[in-house]
Amino acid sequence: MYLAFSLTGIFQGVLDVLGSLLNLILLVFPKSPFVVLSEYTLKSELLQYLNYLLPIAEMVVITEAWLAAIAIYYIWSVIAKWVKLCS
């Protein structure tokens with residue numbers, strides 16, 4: 001007997017629905033004010049010349065990733081202490 005639905009098809013359908021719901025939820029939030037700020041600053045001519053010597057765009061991306069990692073670490077340590085996973 002052949003099943004009309006495969007397990008991967010069902011899983012893909014569930015992921016599609018969850019992705020659509022997440023997209024709908026994210027549409028409710030306003031756009032970040034930093035996007036507008038970065039669009040103006042990254043298009044400036046001075047920054048283009050300076051970016052030739054110093055990779056400012058890459059430095060900003062690395063700094064953002066570092067700050068996100070530090071924030072996740074501190075949030076996780078607070079949760080771990082709250083749940084008494086560590087002393």
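Heavy atoms only: backbone and side chains are in, while hydrogens, waters and symmetry mates are out.
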Apart from L21 itself, its cluster of hydrophobic side chains linked below 4.5 Å comprises V17

Across all chains, not counting sequence neighbours, the side chain to side chain contact (heavy atoms under 4.5 Å, CB included) partners of I79 are I75, V83

Side chain to side chain contact (heavy atoms under 4.5 Å, CB included) filter on L26, not counting sequence neighbours, yields L22, F29

Contacts satisfying side chain to side chain donor-acceptor pair (under 3.5 Å) that involve residues 12-30 (not counting sequence neighbours) are Q12-D16

List the atom pairs, donor and acceptor, that lie under 3.5 Å between side-chain atoms in residues 59-67 and the rest of the protein, sequence neighbours left out.
from : atom 1 : to  : atom 2 : distance (Å)
T63  : OG1    : M59 : O      : 2.7

Across all chains, not counting sequence neighbours, the side chain to side chain contact (heavy atoms under 4.5 Å, CB included) partners of Y74 are I70, S77

